[in-house]
Amino acid sequence: MKKLMSVILAAVMMLSIIAVVPVSAANIRSEASEVSTGNISFNTVKALYVHGVLNSSDTEAWQAWQSKHNENFNEIDSNVKYFFLPTSADSLKVDVYNAFSNAVTVNGVSIASGSTATVSYEVDKSYSVSADGKKYTLKFMKSNAEAGIYINNSNADGKGTDLMSYLNVDKSRSAGATGAIVDSNGKVDNTAIKKIKGRGNTTWGKPKKAYNITYTDNVKIAGMNKSKKYSILANYQDDSLSRNRVLYDLSDAVGMPYASDSRYVDFYVNGFYWGSYQMCEKIEVGKNNLVNDIDDEAYLNEDGTINEDFPFLCEIDASAVDGDDYYVNCSGGNKVTIKAPELEVGDPGYNEVKEYVAEKFNTLYQTARNTSNDISTIADIESIAKLYLINELGKNWDSGVSSTFLVWKQDENGTYKFYGSPVWDYDNSLGNAVGVEYDLRYMGVDDYEEYTGWWCKYKGKKASSKNSTNLMNCFARNSSVMAEVPQIWFNDFVPALKDFYGETDNGIMMSADEYYNLLIDSAEMNYTSGWLLDTGSWIADHQNLMNAYYDENTHKMVKSGNKHYNQNVSGMFEYMTDWMHGRSAWLSEQFYPDYIPPKFTLGDVNEDGKIDIDDVTLIQKYIAEMENLTDNQCLAADTTKDGAVTIDDVTTIQKYIANLIDEF
């Protein structure tokens with residue numbers, strides 16, 4: 001098969017993703033035959049290019065046509081070309097630039113060499129194009145994702161090496177770039193990229209890679225909070241492309257601190273479409289960052305000495321290595337990387353910070369490991385319980401092993417405690433992974449792929465033992481944490497999950513259908529371009545699943561029948577959702593015996609023992625965001641019993657006070 005000759009980054013892609021040795025700039029130039037143009041900010045090749053926004057003078061948001069490729073970036077059927085259009089593209093017309101040496105005709109429109117013309121198109125329709133003596137079939141696909149991300153640099157190392165060829169050789173490499181952020185309305189933001197760098201551990205070794213991106217100024221992406229620092233996730237091992245997105249959003253819906261907001265995006269570099277990605281708030285401290293109430297310099301006094309106490313952000317990461325990570329070895333063999341303050345050898349406080357983090361983590365570990373100990377003196381129980389529940393719901397393989405983040409900071413009383421958050425890295429959860437056979441035998445777990453069965457309290461322990469060095473396992477067996485879990489599950493998680501499953505529409509969380517509609521066209525482009533649904537033996541079989549739901553009358557999980565799933569992105573998204581539904585049903589059955597339903601009197605919102613105009617006024621202030629209500633007060637205010645507090649509840653209480661109705 002031919003290499004990707006007609007697409008920008010063609011020679012780059014073949015080797016840079018999987019290569020051990022970088023591709024030389026000379027080889028790239030000799031194969032690509034670069035063409036200069038004032039319309040496009042990066043070096044072009046003999047190809048057609050389309051802009052992401054109609055009638056735009058922007059020079060960044062261009063992409064080349066390209067053929068399908070395999071995972072070694074060898075071209076599949078080089079005579080069939082695609083334009084993978086972002087959400088910002090017009091649905092009927094696009095501006096096409098001709099970088100060939102002769103005129104090209106597309107759908108009846110002749111485009112002179114080096115010129116741009118507006119062309120009408122239909123999605124999935126085939127068009128015949130002749131260029132440089134060859135005939136091609138051209139197809140258009142269009143995304144409905146929330147944004148398009150363009151990053152461009154044809155000279156990343158100052159020696160003529162394009163961006164991805166340079167970056168993908170080594171995760172430690174970084175470079176600046178120009179670019180564009182385009183939203184669904186066609187708005188273009190040309191804020192430059194200060195630095196883009198590879199990220200991830202296992203995922204870095206995959207052909208579709210993830211990156212950390214730092215812009216030169218704060219940018220707002222599709223409604224997210226403004227920030228400079230983002231992580232763009234490939235979700236290569238998740239065929240639904242959604243497990244991270246759904247669980248990050250769930251953590252936000254249940255009130256976990258520092259929930260990373262994210263969006264589905266299409267990612268383009270130097271004109272090459274890399275696929276459907278997830279643009280996330282990067283786990284970073286400081287103002288306008290995800291962990292915004294921690295100062296990276298708080299460990300230092302004004303005179304340069306080390307503070308007696310100070311906040312920090314840390315991660316349990318078994319893969320931490322000397323030279324690459326700032327970490328400390330802690331009790332139980334846990335490696336704890338220090339994300340903030342992140343210091344280097346020779347920096348003031350380098351060793352003192354490590355000693356302080358180790359001391360605090362070891363105290364948490366030793367306290368939580370004793371199942372009868374109350375960890376509330378060292379940790380915020382609510383956030384720890386929620387962190388446990390996210391991991392238990394997902395049966396997250398990496399639970400307590402990696403990407404387990406903790407924040408050490410002062411509570412409202414000024415007492416330093418650990419907070420469980422933010423959640424991160426859940427592509428191997430929600431029925432996606434098969435796990436490691438040896439590890440599963442070691443733990444005595446034979447139902448890992450099923451949505452039934454406990455997980456966290458087995459993680460990291462011998463089958464014949466109750467003990468484990470895994471911190472999440474310790475949380476799962478600690479009585480002070482587990483005492484809170486049933487209440488938090490039913491009061492916080494269940495309402496959010498009902499929104500997700502489409503059983504309610506209370507604005508707590510988007511429904512699965514809403515996620516699907518944002519994703520599906522982008523995902524179809526992703527897999528059409530060449531990425532695989534099944535990326536290897538690590539991925540579970542997603543062909544069949546016994547569906548289940550929770551019966552709120554019997555408080556039992558009810559199996560509703562076996563379901564077969566099509567082996568396409570729609571089927572894989574549906575499998576993920578149904579697995580999660582079954583898992584939450586099983587957990588509800590397990591937690592219900594220890595759940596204590598809240599006590600309240602319907603209509604008595606201010607809890608003064610009577611239902612009167614004061615209750616009406618309090619609800620009105622709540623709706624106007626002038627007052628807050630406790631969970632119990634919200635339950636009392638929901639007189640219509642529709643799961644939300646609205647003006648309808650005000651009307652119902654008014655009718656009750658006026659004796660127009662006898663009861664709610």
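What you see below is based on every heavy atom in this structure, not just the backbone, and it leaves out hydrogens, waters and symmetry mates.
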Cation-pi check for W397 against K459: NZ or CZ below 6.0 Å from the six-membered ring centre and within 45 degrees of the axis, yes or no?
yes

Distance col, row I390:CD1 vs S251:OG, nearest 0.5 angstrom, shows 5.5 Å

Quick one: which of Y273, F272, W274, Y268 gives a ring-ring contact (aromatic ring centres under 6.0 Å, His included) with Y150?
Y268

Taking atom types as modelled, find out whether E71 and Y236 have a side-chain donor-acceptor pair closer than 3.5 angstrom.
yes

Could you check whether D398 and Y426, counting side-chain N and O atoms only, form a donor-acceptor pair closer than 3.5 Å?
no

Hey, what's the ring geometry for H581 with Y501, parallel, tilted or perpendicular (30° and 60° as the breaks)?
parallel

With a 6.0 Å cut-off on ring centres, are F475 and Y388 close enough?
no

Does Y277 have K208 sitting over its ring (NZ/CZ under 6.0 Å from centre, angle to axis within 45°)?
yes

Indicate the ring-plane relationship of W455 and Y448, choosing parallel, tilted or perpendicular according to the 30° and 60° boundaries.
tilted

Between N506 and G643, is there a donor-acceptor pair closer than 3.5 Å when you use the side chain of the first and the backbone of the second?
yes

Show your working on salt bridge (Lys or Arg N to Asp or Glu O under 4.0 Å) between K81 and E75 and close with a plain yes or no.
CA-CA 10 Å; K81 302 296 182 184; E75 204 170 51; 3.2 Å; yes

Quiz question: by atom type and distance under 3.5 Å, do the side chains of S231 and N212 form a donor-acceptor pair?
yes

Distance (rounded to the nearest 0.5 Å) between T469 OG1 and K461 NZ:
12.5 Å

Going by the angle between their ring planes, with limits at 30° and 60°, are F490 and Y550 parallel, tilted or perpendicular?
tilted

Mind checking whether Y211 and F267 have parallel, tilted or perpendicular rings, split at 30° and 60°?
tilted

Taking side chain as C-beta onward, heavy atoms only, is D124 less than 4.5 Å from M141?
yes

Taking L241 as the fixed residue, which of F573, W531, Y527 is the one that meets the side-chain contact (heavy atoms from CB on, under 4.5 Å) rule?
Y527

Quiz question: by atom type and distance under 3.5 Å, do the side chains of T504 and D499 form a donor-acceptor pair?
yes

Side-chain (S511) to main-chain (E514) donor-acceptor, under 3.5 angstrom
yes

Determine whether a donor-acceptor pair (N or O, by modelled atom type, separation under 3.5 Å) exists between the side chain of T87 and the backbone of E146.
no

Worked verdict on E449 versus K395 for salt bridge (Lys or Arg N to Asp or Glu O under 4.0 Å)
CA-CA 8 Å; E449 297 174 51; K395 273 193 168 181; over 6 Å; no

Got a donor-acceptor contact below 3.5 angstrom from the S262 side chain to the R245 backbone?
no

Donor on one side chain, acceptor on other, N244 and D427, under 3.5 Å
no

